[in-house]
Amino acid sequence: MTRQLLWRLLTSIPVLLGVLLVGFLMLQVIPTDPATIIAGPSGTAAEIEDIRRQLGLDAPIMMQFWFYLLRVMQGDLGRSIINNAPVAGELMTALGPTIELMVASLIWAVPLGILLGTLAAMRRGQVFDRAVTALSVAGVSVPAFWVGLLLLQFAAFRWQLFPLQGRGGPLWTLSGLHHVALPALTLGLIFIGPVARMTRTAVVEVLGADFIRTARAKGASEFRVVTRHALRTALIPVVTLIGLQIGSLLGGAVIAETIFGWPGIGRLAVGSIVSSDFPMAQGCILVLACGFIVVNFVVDALYGLLDPRIRSKVR
Amino acid sequence: MSTDTTALQTANTAGASRPHLLRHLARDPLALIALIFLVLIVVAAILAPVLAPFDPYDTNLRMRLRPPGGDHLLGTDTQGRDLLTRLLYGARTTLALGFASIVVGSLIGTSIGLAAAFYRRLEGPLMRLVDILLSFPSILFGLALAAMLGVGMDSLVIALGLSAAPPIARVARATAASVMQAEYMDAGRVIGLSDSALIRRYLLRNCAAPIVVYCSLQFGETILLAAALGFLGLGLQPPTAELGSIAAEGRSFIFLAPHVSTAASLLIFMIVLSCNLLGDAFRDLTDPKLQR
């Protein structure tokens, strides 16, 4: 188990390097020369040359990439072109709200999706099953921004139930919950479909297994058969698939943050790209990609923990 | 010539499911409706210059944000342009964008997949690369490429193609791996064909049918991603009509005139839904595990 995790950790290093290379290349396309900017309008050619040498800008490109890696490891991601604020600091303030939004969406969407999927699998071929299937097909086909816009238009504007924009404080405060509701609803609604669909498939498959027949033959109630025997096995692939879907959740978060003015990384990323703030964009992409790698790693670890069969096999 | 006949025969067996597919569609009314809708939309998009009642770039600020009805069947947008016209042209752009991206994605994906199946030594690293690409959020490709290459058509098509490529590569490798077992591959090698001739004449031709089918199933997802990037302002720049950016333009006036973004979003939804319904129907047909 530990060896497997270590191996996973090792194999994510090339991925991380690839991501960092993309971040580095993003900074290379900046049309202006940083040395010229630092020297100011009164800087002489010699001064500019001096600063270039100090910054390592005269080094070969591979060396520059190495310097870049060293700087990133020290937490120095450069400064924003727009407001000269350190990128790392801005990212730290934006990271919290994004995690908050994701947690607020997953916390209700995953259980509800699993519930819907399980009920659909138990009533296979009946009206409820068809409704859940239809709902999940619609869920994967609907543009995330439309869900957000509809909620904004009706729940926030017409019925005035929720605030239109922004974040109201930490999740445990009333105002915080009030503000997070609509973006979390948007993100959760597009996530329920895939979760329900995956759960349904997994439960249907497990319900056909021999040990389920054995459990029924022992006289276990249908409720017990489903919750104790079927779900425990079926949830393993579902957890993995949810982990894989975190990527699409991230995409949804970018859109939900943009629509509801949520001060997270997604909105920061889009804003910095649109305004050509390359250092900021580079930082956002790095954080989003690294966050994604970490989540995948955690899901893999969870996978081993959840399934005793895998644990014993590796040992 | 005789070697090509073998390839043709195999290709024919692969294509033999086609009449079967049509019969299946006739029994699945939802999939049939989806197919008809898609055909209609594609025809309407191609014929947009003929069908559109107005000019898509003809702004008229005195007529802006008119509700549906009257001269303008679906009303007007934020600049007073006819919304129906904008939607027709928008569907044209979005569908063309999706098509171009799928072509790029299938080129990348098929090359990787065939190379992995043909050169077994490359299989491990190539498929690992595919796994990594597959696991990455597609919206990140869009964001990163827009940041590197600037916002525009090029970075959009590359980003969409890159996110479509990994699953295509998997299908291509799986199909090619089974074709590699065929005797005519050995025969081709024995008569002294070069690697590139083997790949082009035998492998590619015999893999083409399933890969093309799979690529068409990817279309819905690509359209959805294209619309999302367009909505974020990372797609084509105004005044080009594109469904995602029409929805984004309408967003600023969502309280005054919701019809602009609603109409564009609804159209995207219906196109993607049709693609997915067709895809599901097809998957039910071809996946023996799902047949009851």
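Throughout, protein chains are lettered first and strands after them, A, B, ... in sequence-line order, and every chain is numbered starting at 1.
Residue A/L152 touches chain B through both its backbone and its side chain, counting heavy-atom pairs closer than 4.5 Å. For A/A281, the part lying near chain B is the side chain, with the backbone staying farther off; criterion is any non-hydrogen pair under 4.5 Å. Neither the backbone nor the side chain of A/L150 comes within contact range of chain B; no heavy atom of the residue lies under 4.5 Å from a heavy atom of that chain. The parts of B/T262 that come within reach of chain A are both its backbone and its side chain, each placing non-hydrogen atoms under 4.5 angstrom from that chain. In this structure, chain B has no heavy atom under 4.5 Å from any part of A/V204. Residue B/L273 touches chain A through both its backbone and its side chain, counting heavy-atom pairs closer than 4.5 Å.
Under a cut-off of 6.0 angstrom, the local environment of CZ in A/F297 is crowded, with over 12 non-hydrogen atoms contributed by other residues, nucleotides or ligands. Environment of CD in B/E221: sparse, with no more than 12 heavy atoms of neighbouring residues, nucleotides or ligands closer than 6.0 Å.
Minimum heavy-atom separation, A/L149 to B/R251: CD2-CG, 3.6 Å. Smallest separation of non-hydrogen atoms from B/L143 and A/A269: CD1-CB, 4.3 Å. A pairwise comparison of heavy atoms in A/S141 and B/N276 identifies OG-ND2, 2.8 Å as the closest pair. For the residue pair B/A247 and A/F145, the shortest heavy atom distance occurs at CB-CE1, 3.6 Å. Across all their heavy atoms, A/V22 and B/A144 have their closest contact at CG1-CB, 4.3 Å. When every heavy atom of B/A228 is checked against every heavy atom of A/I255, the shortest pair comes out as CB-CD1, 3.6 Å.
Inter-residue side-chain proximity for B/F231 and A/P143 is flagged as unmet; no heavy-atom pair is nearer than 4.5 Å. Between A/V142 and B/L224, the closest side-chain pair of non-hydrogen atoms is not below 4.5 Å.
The choice from A/A144, A/A138, A/G18 that makes the most heavy-atom pairs within less than 4.5 Å of chain B is A/A138. Contact count against chain B (heavy-atom pairs under 4.5 Å) is highest for A/V270 among A/L249, A/V19, A/L250, A/V270. Here A/I259 is the residue among A/I259, A/V254, A/V274 with the most heavy-atom pairs under 4.5 Å with chain B. Heavy-atom pairs under 4.5 Å with chain A peak, among B/I268, B/L232, B/I223, at B/L232.
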